[in-house]
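First up is the structure itself, then whatever we jot down about it.
Protein chains get the first letters and strands the later ones, always in sequence-line order, with residue 1 at the start of each.
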Number of protein chains: 2
Amino acid sequence: MSDAALWSALADPHRRAIVALLLERPRPVGEIAEACGLSQPSTSKHLKVLREAGLVRVRQDAQRRVHALDPAPIAALDAWLEPYRRLWNRSLDALGRRLDETSDAPRHPPPPKD
Amino acid sequence: MSDAALWSALADPHRRAIVALLLERPRPVGEIAEACGLSQPSTSKHLKVLREAGLVRVRQDAQRRVHALDPAPIAALDAWLEPYRRLWNRSLDALGRRLDETSDAPRHPPPPKD
DNA sequence: CGGGCATATAACTGTCGAGGCATATTCGCT
DNA sequence: AGCGAATATGCCTCGACAGTTATATGCCCG
């Protein structure tokens, strides 16, 4: 069910921007705020959401609160995506087969259809 | 841009449920509504959102409107995920290295995960 | 061509979340 | 202790969105 938190956290474009920023390196709140053109309180709130979704972790450094990405939820997203990726591959496959049929290129063995 | 539409479409749990349903097979609106326990108008609206996000395509069959998944946006999500997946692998890597260091087990070379 | 089915759309309402401002909290420093 | 910097929190407002009811549209068939 923290699935829901994850999705709604990433639903916001500002939050995705923050996540992208943190991909480069961990950053304190102020830096994030400035980089995203957000006010400090707003940034703090977004970070709270990200924290509660498990996407972000905090390390306290004096008055600074340095936020860093936590890779785990990304894996959860990846897992969610899995079955759909299968669909995607299947459709690529079909496209490839169709191309093969209309060309005289060497054909690879038909993959076992499940 | 349409990235935003994709995320906000998938932000809704009912919509994710619909998408999951359509993964099994294409379905007409009524069937989706019943399966998700949603009213017909609500279902129609959700499907409209999914359509506008490009996640779903319609085929008209008499009065039925059969909705099916479009794999393309899934690929977009996958692409978005890419850089984060790298982070994830890196952290797995680090974990592995740490385990290697504290054990006397033979160390294996980092597996080229693609 | 009228009736009934499947679906879309309109109008309205309640809820939720984002942003802004002011203020509280926490920590380091002198 | 007192001050200033960095961040969190409370309160408020506003707009976006989901759900409902009622109605419109398109399509097949008799």
Side-chain angles (χ1 to χ4, degrees), chain A residues 1-22 24-70 73, chain B residues 1-22 24-70 73:
Chain A
M1 295 307 120
S2 111
D3 210 38
L6 179 57
W7 281 103
S8 70
L10 289 175
D12 185 273
H14 284 145
R15 244 127 48 192
R16 288 199 302 278
I18 292 180
V19 163
L21 263 179
L22 295 184
E24 306 174 7
R25 59 186 149 98
R27 296 175 195 256
V29 179
E31 201 175 319
I32 298 172
E34 197 200 2
C36 293
L38 289 171
S39 77
Q40 176 266 313
S42 179
T43 307
S44 275
K45 285 191 211 170
H46 281 309
L47 286 171
K48 180 174 190 175
V49 174
L50 290 172
R51 248 179 287 138
E52 285 170 350
L55 275 161
V56 143
R57 301 174 135 250
V58 209
R59 173 182 56 104
Q60 185 136 7
D61 169 56
Q63 302 104 2
R64 305 263 166 93
R65 297 205 152 204
V66 181
H67 290 251
L69 270 192
D70 187 334
Chain B
M1 210 49 167
S2 114
D3 209 38
L6 179 58
W7 281 105
S8 70
L10 288 175
D12 185 275
H14 284 145
R15 243 124 52 188
R16 288 200 301 279
I18 292 179
V19 163
L21 263 179
L22 294 184
E24 305 174 9
R25 59 186 150 99
R27 296 174 195 256
V29 179
E31 201 176 319
I32 297 172
E34 197 200 2
C36 293
L38 289 172
S39 76
Q40 176 267 310
S42 178
T43 306
S44 275
K45 286 198 215 169
H46 283 308
L47 286 172
K48 181 174 192 174
V49 174
L50 291 173
R51 248 178 287 138
E52 286 171 351
L55 275 160
V56 144
R57 300 173 136 252
V58 209
R59 174 181 56 103
Q60 186 138 6
D61 169 55
Q63 305 105 2
R64 304 265 164 92
R65 299 203 154 204
V66 180
H67 290 252
L69 269 193
D70 186 335

Between dT9(D), dA6(D), dA18(D), which nucleotide gets closest to the side-chain atoms of Arg64(A)?
dA6(D)
Check for a donor-acceptor pair, side chain of Arg51(A) on one end and backbone N or O of Val56(A) on the other, with a separation under 3.5 Å.
no
Quick one, which residues of residues 45-62 of chain A touch DNA chain D with a heavy atom under 4.0 Å?
Lys45(A), Lys48(A), Arg51(A)
Does Arg16(A) use its side chain to pair, donor to acceptor, with the backbone of Ala11(A) at less than 3.5 Å?
yes
Under a 3.5 Å distance rule, please check whether Arg57(B) uses its side chain to pair with a backbone N or O of Asp70(B) as donor and acceptor.
no
How close or far is atom C1' of dA6(D) from atom CZ of Arg27(A), stated in whole angstroms?
17 Å
Verify, without hydrogens or angle tests, whether Asp12(B) (side chain) and Arg15(B) (backbone) share a donor-acceptor contact under 3.5 angstrom.
yes
Go nucleotide by nucleotide along DNA chain C from the 5' end; which of Ser8(A) and Pro41(A) gets its closest nucleotide reached first?
Ser8(A)
Indicate yes or no for a side-chain donor-acceptor contact from Thr43(A) to the backbone of Ser39(A) under 3.5 Å, with no hydrogens or angles considered.
yes
Can you tell me how far P of dG26(D) sits from CZ of Arg65(B), to the nearest Å?
10 Å
May I have the distance from Ile32(A) (atom CD1) to dT7(D) (atom P), rounded to whole angstrom?
9 Å
Kindly point out which of dT7(C), dA8(D), dA6(D) is positioned nearest to the side chain of Gln63(A)?
dA6(D)
Testing dG4(C), dG19(C), dT20(D) for proximity to the side chain of Ser39(B), the answer is dT20(D)
Distance test, side-chain N/O of Ser44(B) to OP1/OP2 of dT7(C), below 4.0 Å:
no
Is it true that a side-chain atom of Arg27(A) and a backbone atom of Val66(A) form a donor plus acceptor pair closer than 3.5 Å?
no
For the pair made of CD in Gln40(B) and C1' in dT7(C), what is the distance, rounded to whole Å?
5 Å
Considering only dA18(C), dA8(D), dG28(C), which nucleotide approaches the side chain of Asp12(A) most closely?
dA18(C)
For Arg16(B) and dA18(D), what is the distance between atoms CZ and P respectively, to the nearest whole Å?
12 Å
When rounded to whole Å, the CG to P distance for the pair Leu38(A) and dA8(D) reads 14 Å
Give a yes or no on whether a salt bridge exists between Glu31(B) and Arg25(B), defined as a side-chain N under 4.0 angstrom from a carboxylate O.
yes
Using a cut-off of strictly less than 4.0 Å, decide whether Arg15(A) has a side-chain nitrogen or oxygen near OP1 or OP2 of dA18(C).
yes
